[in-house]
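Report on one structure; see the data block that follows.
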Amino acid sequence: MLRLEGIRFAYAPEALPYRFDMVAQPGEISAVMGASGAGKSTLLDLIAGFLLPQAGSMTLDGVDLLPLQPEDRPVSLLFQSNTLFEHLSAENNVALGLPRPTRRKDAGPLIAAALAEVGLAGIGKQRAATLSGGQKQRVALARTLLRNKPVLLLDEPFSALDDETRVAARDLVRNLTRAHDWTTILVSHHTEDVQALATCRYRIAAGVLLPEGNTAA
């Protein structure tokens, strides 16, 4: 369980501080909504460790996350842009999710299994530049599988996809979250994404993260 209690952050001493309190459970998707500039990306940056709060606590299953550097946090991120290297093959992009010593070994079966799990068996040799938007997001998710982190942060991950591909990507995220018991936090402006995926909803208003109740996703 990911727990944020009294997390406070301000970009400047005179700025209105954000306050974030949240409980996110494994195997579930918590959605965070709010207007542009409300603080949604700030929340994700705090969880990932790119920003440090001025007050509060953040724990995962009782372990304090705040002293950990971003690279040491049990967190994977997936953005609207899939952050693939276009000149590399799909399998080489996926391999970047492996620890460096593992990359030097024969990790082919692990990579192939990850690509198969996201529905991309057989495309490992294709360059990322030749893949569709939906395929690129699936490659990014396969890389997340190999990172093997319990917390997944999604920042508008479906915005660049067409409607049909978007539905398939949502289904994949839901299924992977449940299968791997991830604690998934979704930031989205899109009501349909939230309605389709969220077990619990939050909204940031005036810098404060407020619960909006549970759903039956």
Side-chain angles (χ1 to χ4, degrees), residues 1-11 15-35 37-79 97 140-141 143-158 170 172-191 193-217:
M1 178 174 62
L2 178 67
R3 183 184 295 272
L4 281 64
E5 293 186 301
I7 291 290
R8 286 183 174 269
F9 177 81
Y11 285 99
L16 179 71
Y18 295 105
R19 181 184 173 97
F20 300 130
D21 292 273
M22 170 185 248
V23 175
Q25 301 286 354
E28 297 185 355
I29 299 174
S30 299
V32 179
M33 298 170 287
K40 301 185 300 298
S41 294
T42 298
L43 171 63
L44 296 189
D45 285 345
L46 285 162
I47 296 172
F50 301 135
L51 297 174
L52 292 176
Q54 284 93 34
S57 65
M58 184 187 306
T59 59
L60 180 68
D61 297 332
V63 176
D64 186 5
L65 298 184
L66 292 181
L68 301 180
Q69 295 297 313
E71 63 270 20
D72 297 322
R73 295 205 179 185
V75 173
S76 293
L77 300 98
L78 189 63
F79 300 99
L141 280 167
R143 184 172 58 197
T144 296
L145 284 171
L146 294 192
R147 282 179 55 79
N148 195 29
K149 304 290 186 179
V151 178
L152 175 62
L153 306 180
L154 303 173
D155 193 354
E156 300 284 357
F158 314 123
R170 287 196 310 236
L172 181 60
V173 166
R174 181 193 301 108
N175 293 338
L176 290 175
T177 294
R178 291 173 176 171
H180 296 275
D181 219 23
W182 289 337
T183 299
T184 297
I185 298 175
L186 166 70
V187 159
S188 180
H189 286 100
H190 296 274
T191 303
D193 292 343
V194 172
Q195 290 176 339
L197 290 175
T199 306
C200 186
R201 301 179 187 178
Y202 290 84
R203 182 174 296 276
I204 301 177
V208 180
L209 186 65
L210 301 170
E212 286 205 330
N214 295 328
T215 74

For [Y], does its backbone N or O pair with a side-chain atom of [X] as donor and acceptor, under 3.5 Å?
X: D61; Y: M1; result: yes
X: R143; Y: G97; result: no
X: R8; Y: G56; result: no
X: E28; Y: C200; result: no
X: R174; Y: A196; result: yes
X: R147; Y: P74; result: no
X: R170; Y: L197; result: no
X: R3; Y: G62; result: no
X: K40; Y: A35; result: yes

Quick one, Q195 with R201, criterion side chain to side chain contact (heavy atoms under 4.5 Å, CB included). Give me CA distance, side-chain angles, the key distance, then yes/no. CA-CA 9 Å; Q195 290 176 339; R201 301 179 187 178; 3.6 Å; yes
Give, for atom [atom1] of [X] and atom [atom2] of [Y], the distance between the pair rounded to the nearest 0.5 Å.
X: L4; Y: F20; atom1: CG; atom2: CZ; result: 8.5 Å
X: L51; Y: Y11; atom1: CG; atom2: OH; result: 5.0 Å
X: I47; Y: I185; atom1: CD1; atom2: CD1; result: 3.5 Å
X: T199; Y: L186; atom1: OG1; atom2: CG; result: 10.5 Å
X: K149; Y: T183; atom1: NZ; atom2: OG1; result: 14.0 Å
X: D155; Y: L78; atom1: CG; atom2: CG; result: 9.5 Å

Reference residue M33; test side chain to side chain contact (heavy atoms under 4.5 Å, CB included); the match among V194, I204, D193: V194
Result of checking L176, I29, V151 against W182 for side chain to side chain contact (heavy atoms under 4.5 Å, CB included): L176
Assess whether side chain to side chain contact (heavy atoms under 4.5 Å, CB included) is satisfied between F158 and V173, documenting all intermediate values. CA-CA 11 Å; F158 314 123; V173 166; 3.9 Å; yes
Flag the pair Q54 / P17 as yes when at least one side-chain heavy-atom distance between them is below 4.5 Å, and no otherwise. no
Is there a side-chain contact between E212 and V32, using heavy atoms and a 4.5 Å cut-off? no
Give the intermediate values and the outcome of side chain to side chain contact (heavy atoms under 4.5 Å, CB included) for residues H180 and L152. CA-CA 11 Å; H180 296 275; L152 175 62; over 6 Å; no
Least distance between heavy atoms, [X] atom then [Y] atom:
X: T144; Y: S76; result: CG2-CB, 3.8 Å
X: P53; Y: L46; result: N-CD2, 3.7 Å
X: G49; Y: P70; result: O-CG, 3.3 Å
X: Y18; Y: G37; result: OH-O, 3.7 Å

Steps toward side chain to side chain contact (heavy atoms under 4.5 Å, CB included) verdict (L77, V75): CA-CA 7 Å; L77 300 98; V75 173; 4.2 Å; yes
Between the side chains of T184 and T177, is a donor N or O closer than 3.5 angstrom to an acceptor N or O? yes
